[in-house]
Novice: 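Questions regarding the structure given below will be posed in turn.
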Amino acid sequence: MSFGTISLNDGTTAPSPAFGTGTALKGRDAKEQVLQALQNGQRHLDCAQFYGNEGSVGEAIAASGLPRSSLYITTKYATGDISTSLRTSLQLLQVDYVDLYLLHSVKFAEVHGLSRSWEVMESLQRDGLTRSIGVSNYRVGDLEILGHTAHTMPAVNQVEFHPFVYNQAAKLQQYCHDHGIALASYAGLAPLTKTRHGDFDAVVKRLASKYAITEHAVLYNWLRKHGVFVVTTSSKKERLEEMHWLAREISHEDSAELDSVGSQYHHRYYMSFMDE
Ligand SMILES: NC(=O)c1ccc[n+]([C@@H]2O[C@H](COP(=O)([O-])OP(=O)(O)OC[C@H]3O[C@@H](n4cnc5c(N)ncnc54)[C@H](O)[C@@H]3O)[C@@H](O)[C@H]2O)c1
Ligand SMILES: OCCc1c[nH]c2ccccc12
């Protein structure tokens with residue numbers, strides 16, 4: 001895989017990029033898109049109870065004929081009893097463990113309370129239903145509360161991360177780094193696929209030409225430069241193929257230029273409470 005692997009604090013490794021199954025409308029059948037991704041070399045699937053389509057992901061996994069051991073499967077808890085939710089996800093995905101189980105959002109987990117939720121996550125890991133445990137959309141304050149009672153800190157925090165939330169994510173990035181929590185990014189392409197700014201576009205264009213990669217690959221490599229593992233997605237075969245060759249080492253100066261031009265702007269597309 002193009003980006004390689006990320007080492008987690010529990011001694012395991014996760015392949016990056018992960019292939020997202022949630023950008024399609026909630027509940028939309030993901031079978032064809034996931035099967036195409038698997039056939040094009042993607043091995044890490046990023047799933048969620050919230051997406052309402054784990055059954056279709058399970059069908060794609062089964063149809064691929066790939067051995068379970070060659071796959072890395074992440075899914076996320078949204079609602080209901082955590083242990084029951086994971087067991088249901090396993091059934092739908094047609095596997096007997098996942099590699100990484102995440103609490104999808106601190107706002108979703110509030111129903112159990114942070115400490116109690118994390119205790120259950122630790123027990124699911126002990127029972128072998130998931131290899132690694134982590135969180136998504138947790139702020140520094142949430143991680144601090146969790147840390148008071150946790151036996152092990154989350155292996156991963158999956159958050160929105162791109163140049164237009166760079167300033168807002170700085171404290172969280174530092175905290176995760178200091179506590180051995182791997183930061184995973186979603187919506188990393190948003191500066192090209194959602195809101196556009198001419199001066200930022202110009203920098204991306206210049207770097208795409210300098211490094212002989214696409215503009216989207218400039219953002220992937222910016223994420224990589226920041227030590228962040230990538231969750232992305234595409235329904236297009238050519239873009240999946242492109243992910244195999246897009247890794248480039250962009251210079252510190254070029255990355256810093258994206259930081260400074262991008263962080264003049266602030267756009268967050270998911271989970272607005274992350275700015276609180
Ligand atoms: N944990 C969370 O709360 C959370 C929130 C949002 C997304 N996610 C995960 O992250 C995944 C990706 O999210 P995203 O869609 O925001 O990520 P992204 O920013 O990587 O955007 C992906 C989209 O960009 C476009 N795209 C991809 N490659 C392209 C290319 N080469 N050229 C032009 N356009 C291209 C496609 O429309 C694709 O759907 C989701 O499927 C989901 O698994 C998680
Ligand atoms: O993991 C993605 C979660 C997600 C997709 N679309 C949304 C809209 C609102 C809140 C969360 C999401």
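Note that ligands are numbered from 1 as they come in the structure, with each ligand's atoms numbered from 1 the same way. Bear in mind the structure is a predicted one, so any value in this text is a computation, not a measurement.
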Novice: Numbering the atoms of ligand 1 from 1, which are under 4.0 Å from a heavy atom of Gly188?
Specialist: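 In order of number, 19 (O).
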Novice: Return yes if a side-chain donor-acceptor contact under 3.5 Å exists between Thr74 and Asp46, otherwise no.
Specialist: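 Judged by distance alone, the side chains do not pair up.
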Novice: Under 4.0 Å from a heavy atom of Tyr51: give me the atoms of ligand 2 that qualify, with their elements.
Specialist: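 With Tyr51 as reference, the close atoms of ligand 2 come out as 1 (O), 2 (C), 3 (C).
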Novice: Hey, are Gln264 and Asp199 close enough side-chain-wise for a donor-acceptor pair under 3.5 Å?
Specialist: yes
Novice: Going by the order shown, which atoms of ligand 2 are within less than 4.0 Å of some heavy atom of Met271?
Specialist: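 Matching atoms, with element in brackets: 11 (C).
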Novice: Can you tell which of Val135, Leu45, Thr21, Val231 gets a heavy atom nearest to atom 11 (C) of ligand 1?
Specialist: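 When every heavy atom of Val135, Leu45, Thr21, Val231 is considered, Val231 comes closest to atom 11 (C) of ligand 1.
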Novice: Minimum heavy-atom separation for His216 to Leu189, with atom names?
Specialist: O-CD2, 3.7 Å
Novice: Please confirm whether Thr214 comes under 4.0 Å of ligand 1, counting heavy atoms of the residue only.
Specialist: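 For ligand 1, residue contact (heavy atoms, under 4.0 Å) with Thr214 is absent.
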Novice: Tell me which protein heavy atom sits closest to atom 3 (C) of ligand 2, plus the residue, atom name and distance to 0.1 Å.
Specialist: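 The closest heavy atom on the protein side is His104 NE2, 3.6 Å.
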Novice: Do you see a donor-acceptor pair shorter than 3.5 Å between the side chains of Asn40 and Gln36?
Specialist: no
Novice: Regarding atom 17 (O) of ligand 1: of the candidates Ala187, Ser185, Gly22, Pro191, which has the closest heavy atom?
Specialist: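 Result: the heavy atom closest to atom 17 (O) of ligand 1 is in Ala187.
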Novice: Relative to ligand 1, is Thr193 under 4.0 angstrom through side chain, backbone, both or neither, heavy atoms considered?
Specialist: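 It is the side chain that touches ligand 1; the backbone stays farther off.
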Novice: Under 4.0 Å, heavy atoms only, figure out whether ligand 1 is touched by the backbone of Val230, its side chain, both or neither.
Specialist: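 The answer is neither; Val230 stays 4.0 Å or more away.
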Novice: Would you mind running through ligand 1 and noting each atom that sits below 4.0 Å from a heavy atom of His104?
Specialist: 1 (N), 2 (C), 3 (O)
Novice: Which residue from Asn157, Leu102, Asn137, Leu189 reaches closest to atom 21 (O) of ligand 1 through any of its heavy atoms?
Specialist: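 Going through Asn157, Leu102, Asn137, Leu189 one by one, Leu189 has the nearest heavy atom to atom 21 (O) of ligand 1.
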Novice: Using a 4.0 Å heavy-atom threshold (strictly under), name the region of Lys76 that reaches ligand 2: side chain, backbone, both or neither.
Specialist: neither
Novice: Considering only protein heavy atoms, which is closest to atom 6 (N) of ligand 2, and at what distance to one decimal place?
Specialist: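 Looking only at protein heavy atoms, the one closest to atom 6 (N) of ligand 2 is Tyr270 CE2, 3.7 Å.
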Novice: For ligand 1, which part of Ser136 has a heavy atom less than 4.0 Å away: the side chain, the backbone, both, or neither?
Specialist: side chain
Novice: Would Lys76 count as a polar contact of ligand 1, with the cut-off being nitrogen or oxygen pairs under 3.5 Å?
Specialist: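 No, since none of the N or O atoms of Lys76 sits under 3.5 Å from an N or O of ligand 1.
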Novice: Give yes if a backbone or side-chain nitrogen or oxygen of Arg239 is under 3.5 Å from a nitrogen or oxygen of ligand 1, and no if not.
Specialist: yes
Novice: Which bit of Tyr51 gets closer than 4.0 Å to ligand 1, counting heavy atoms only: side chain, backbone, both or neither?
Specialist: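 Under 4.0 Å from ligand 1, Tyr51 contributes side-chain atoms alone.
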Novice: Can a donor-acceptor pair be found between the side chains of His44 and Asp99 at a distance below 3.5 Å?
Specialist: no
Novice: Roughly how far, to the nearest 0.5 Å, is the CD atom of Glu144 from the NE2 atom of His148?
Specialist: 6.5 Å
Novice: Show which atoms of ligand 1 fall inside a sub-4.0 Å distance from at least one heavy-atom site of Ala190.
Specialist: 19 (O)
Novice: I want to know whether Tyr166 and His162 have ring centres closer than 6.0 Å.
Specialist: no
Novice: List ligand 1 atoms under 4.0 Å from Met271, heavy atoms only on the residue side.
Specialist: 3 (O)
Novice: Going by atom types alone, do Thr13 and Ser7 pair a side-chain donor with an acceptor below 3.5 Å?
Specialist: no
Novice: Please state which protein non-hydrogen atom is closest to atom 12 (C) of ligand 2 and give its distance, to 0.1 Å?
Specialist: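 Looking at atom 12 (C) of ligand 2, the protein heavy atom closest to it is Phe50 CE2, 3.7 Å.
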Novice: Which ring pair (Phe, Tyr, Trp, His ring centres under 6.0 Å) pairs, counting each pair once, include a residue from residues 185-212, with sequence neighbours left out?
Specialist: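 Applying ring pair (Phe, Tyr, Trp, His ring centres under 6.0 Å) to every pair that reaches into residues 185-212, excluding sequence neighbours, yields Phe164-His197, Phe164-Phe200, Tyr186-Tyr270, His197-Tyr265, His197-His267.
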Novice: State the atoms of ligand 1, each with its element, that fall below the 4.0 Å cut-off from a heavy-atom position in Gly20.
Specialist: 11 (C), 40 (C), 41 (O), 43 (O)
Novice: How about His266: does its NE2 atom have over 12 heavy atoms from other parts shown lying under 6.0 Å from it?
Specialist: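 Yes, enclosed.
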Novice: Does any N or O of ligand 1 fall below 3.5 Å from an N or O anywhere on Thr232, backbone included?
Specialist: yes
Novice: Where do Tyr77 and Phe50 land on the ring pair (Phe, Tyr, Trp, His ring centres under 6.0 Å) test, with the steps shown first?
Specialist: CA-CA 7 Å; Tyr77 161 81; Phe50 183 77; over 10 Å; no
Novice: Less than 4.0 Å between a side-chain N and a carboxylate O, is that true for Lys225 and Asp254?
Specialist: no
Novice: Would you say Thr233 and Gln33 are linked by a side-chain donor-acceptor pair, where the criterion is simply a distance under 3.5 Å?
Specialist: yes
Novice: Taking 4.0 Å as the limit for heavy-atom contacts, which would you say applies to Lys236 with ligand 1: side chain only, backbone only, both, or neither?
Specialist: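 Lys236 to ligand 1: no contact under 4.0 Å from either part.
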Novice: Are His104 and Tyr51, when compared by the centres of their aromatic rings, separated by less than 6.0 Å?
Specialist: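 Centroid distance His104-Tyr51: below 6.0 Å, so yes.
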